[in-house]
Amino acid sequence: MKTEEIAQGLVKLCRKARFTDAVDAYYSPKIVSVEAAGDEREARGLAAIKAKGEWWVANHQIHRMTVEGPFVGGNKFVVRFTLDVTFKPKKQRRTMDELAIYTVRRGRIVHEQFFYNAG
């Protein structure tokens, strides 16, 4: 699968909040995911990525989400996520504005890195 096809497919699933389906469809078993902040900034492998996603979904209520892109260049693409969410444990509502850069090799996403506006 070409980068453009993977990018379009990932965005389509993310717009439907089908994040686990996106991981299953497009991620390499050797995926590396890097967060912008936090104690556990780097996760490696599908099990770690899925666990991270499950924690996020369990701890956040999504009120509204927009997914922009993909913006493709070579074997990389960028997606912008804007989410109105409540962090359930602290009952804090906020808007998250995040960019994700994905790298594709051999028809699978092998690396993702997230950047966000901390303001």
Side-chain angles (χ1 to χ4, degrees):
M1 216 179 276
K2 294 184 180 182
T3 300
E4 176 74 29
E5 295 170 306
I6 292 168
Q8 292 292 344
L10 180 119
V11 165
K12 183 177 180 179
L13 290 171
C14 288
R15 284 184 177 140
K16 296 176 184 177
R18 293 176 51 195
F19 306 114
T20 301
D21 291 341
V23 169
D24 289 339
Y26 301 111
Y27 282 43
S28 164
K30 296 181 180 181
I31 180 73
V32 175
S33 178
V34 181
E35 291 291 335
D39 295 334
E40 303 283 327
R41 288 193 61 214
E42 189 173 292
R44 293 179 172 272
L46 286 174
I49 302 306
K50 287 182 180 184
K52 180 176 77 159
E54 289 168 4
W55 176 90
W56 197 94
V57 168
N59 284 279
H60 294 85
Q61 177 184 358
I62 300 173
H63 305 288
R64 195 175 120 263
M65 176 177 66
T66 59
V67 181
E68 297 176 64
F71 307 94
V72 181
N75 72 325
K76 296 183 185 290
F77 65 96
V78 175
V79 178
R80 181 180 183 187
F81 298 91
T82 306
L83 298 101
D84 175 10
V85 298
T86 296
F87 182 56
K88 293 177 189 178
K90 294 187 178 181
K91 297 182 176 134
Q92 293 176 327
R93 189 167 177 171
R94 67 182 177 132
T95 299
M96 298 174 64
D97 191 12
E98 183 173 62
L99 294 176
I101 300 175
Y102 300 90
T103 304
V104 176
R105 287 196 191 100
R106 295 186 188 99
R108 291 290 202 187
I109 296 171
V110 296
H111 191 271
E112 67 180 3
Q113 186 164 0
F114 297 95
F115 301 85
Y116 60 85
N117 182 347

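- Residues that satisfy the salt bridge (charged side-chain N to carboxylate O under 4.0 Å, His left out) test with Glu68, not counting sequence neighbours, are Arg80.
- Surrounding CZ of Arg15 are more than 12 heavy atoms belonging to other residues, nucleotides or ligands, all under 6.0 Å away.
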Subject >> Pair Ile101-Phe114, side-chain contact (heavy atoms from CB on, under 4.5 Å): steps then yes or no >> reply: CA-CA 7 Å; Ile101 300 175; Phe114 297 95; over 6 Å; no
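- When all heavy atoms of Val104 and Thr3 are compared, the pair lying nearest together is CB-OG1, 3.7 Å.
- Using a 4.5 Å heavy-atom cutoff, the side chains of Lys30 and Val110 are not in contact.
- Residue Phe81 is tested with Thr66, Val11, Asp97, Val67 for a side-chain contact (heavy atoms from CB on, under 4.5 Å); the sole match is Val67.
- Legend: residues meeting side-chain hydrogen bond (donor to acceptor under 3.5 Å, both in side chains) with Lys50, ordered by chain and number and at least two apart, are Asp24.
- When side chains are defined from C-beta on, Glu54 does not count as touching Val57, because their heavy atoms never get closer than 4.5 Å.
- Using a 4.5 Å heavy-atom threshold, the side chains of Val79 and Phe71 count as separate.
- Glu4 pairs by the side-chain hydrogen bond (donor to acceptor under 3.5 Å, both in side chains) definition with Gln8, not counting sequence neighbours.
- In this structure Arg93 satisfies the salt bridge (charged side-chain N to carboxylate O under 4.0 Å, His left out) test together with Asp84, sequence neighbours excluded.
- The minimum heavy-atom distance linking His111 with Ile31 is given by the pair N-CD1, 3.5 Å.
- Inter-residue side-chain proximity for Leu10 and Tyr102 is flagged as met; some heavy-atom pair is nearer than 4.5 Å.
- Counting non-hydrogen atoms of other residues, nucleotides and ligands closer than 6.0 Å to NZ of Lys88 gives a total above 12.
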**OP:** Go through His60 and Phe87 one step at a time and tell me if the ring pair (Phe, Tyr, Trp, His ring centres under 6.0 Å) criterion holds.
**Re:** CA-CA 5 Å; His60 294 85; Phe87 182 56; 5.2 Å; yes
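- For the side-chain hydrogen bond (donor to acceptor under 3.5 Å, both in side chains) test with Thr86, the passing option among His63, Arg94, Gln61, Gln92 is His63; the others fail.
- Defined by atom type and a distance below 3.5 Å, a donor-acceptor pair is present between the side-chain atoms of Glu112 and Tyr27.
- The aromatic rings of Trp56 and Phe19 stand perpendicular to each other, their planes meeting at an angle above 60°, with 30° marking the opposite boundary.
- Remark: Met1 CE to Ile6 CD1 distance equals 6.0 Å, nearest 0.5 Å.
- Side-chain atoms of Arg64 and Leu83, non-hydrogen and from C-beta on, never get closer than 4.5 Å to each other.
- Ile109 and Phe77 get closest at one heavy-atom pair: CD1-CZ, 4.0 Å.
- For the salt bridge (charged side-chain N to carboxylate O under 4.0 Å, His left out) test, residues two or more places apart in sequence or in another chain that qualify with Arg44 are Glu42.
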Original post:
For Ser33 and Lys52, what are the C-alpha separation, side-chain angles and deciding distance, and is it a side-chain contact (heavy atoms from CB on, under 4.5 Å)?
Top reply: CA-CA 10 Å; Ser33 178; Lys52 180 176 77 159; 2.5 Å; yes
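- Residues satisfying the salt bridge (charged side-chain N to carboxylate O under 4.0 Å, His left out) test with Arg18, not counting sequence neighbours, are Asp21.
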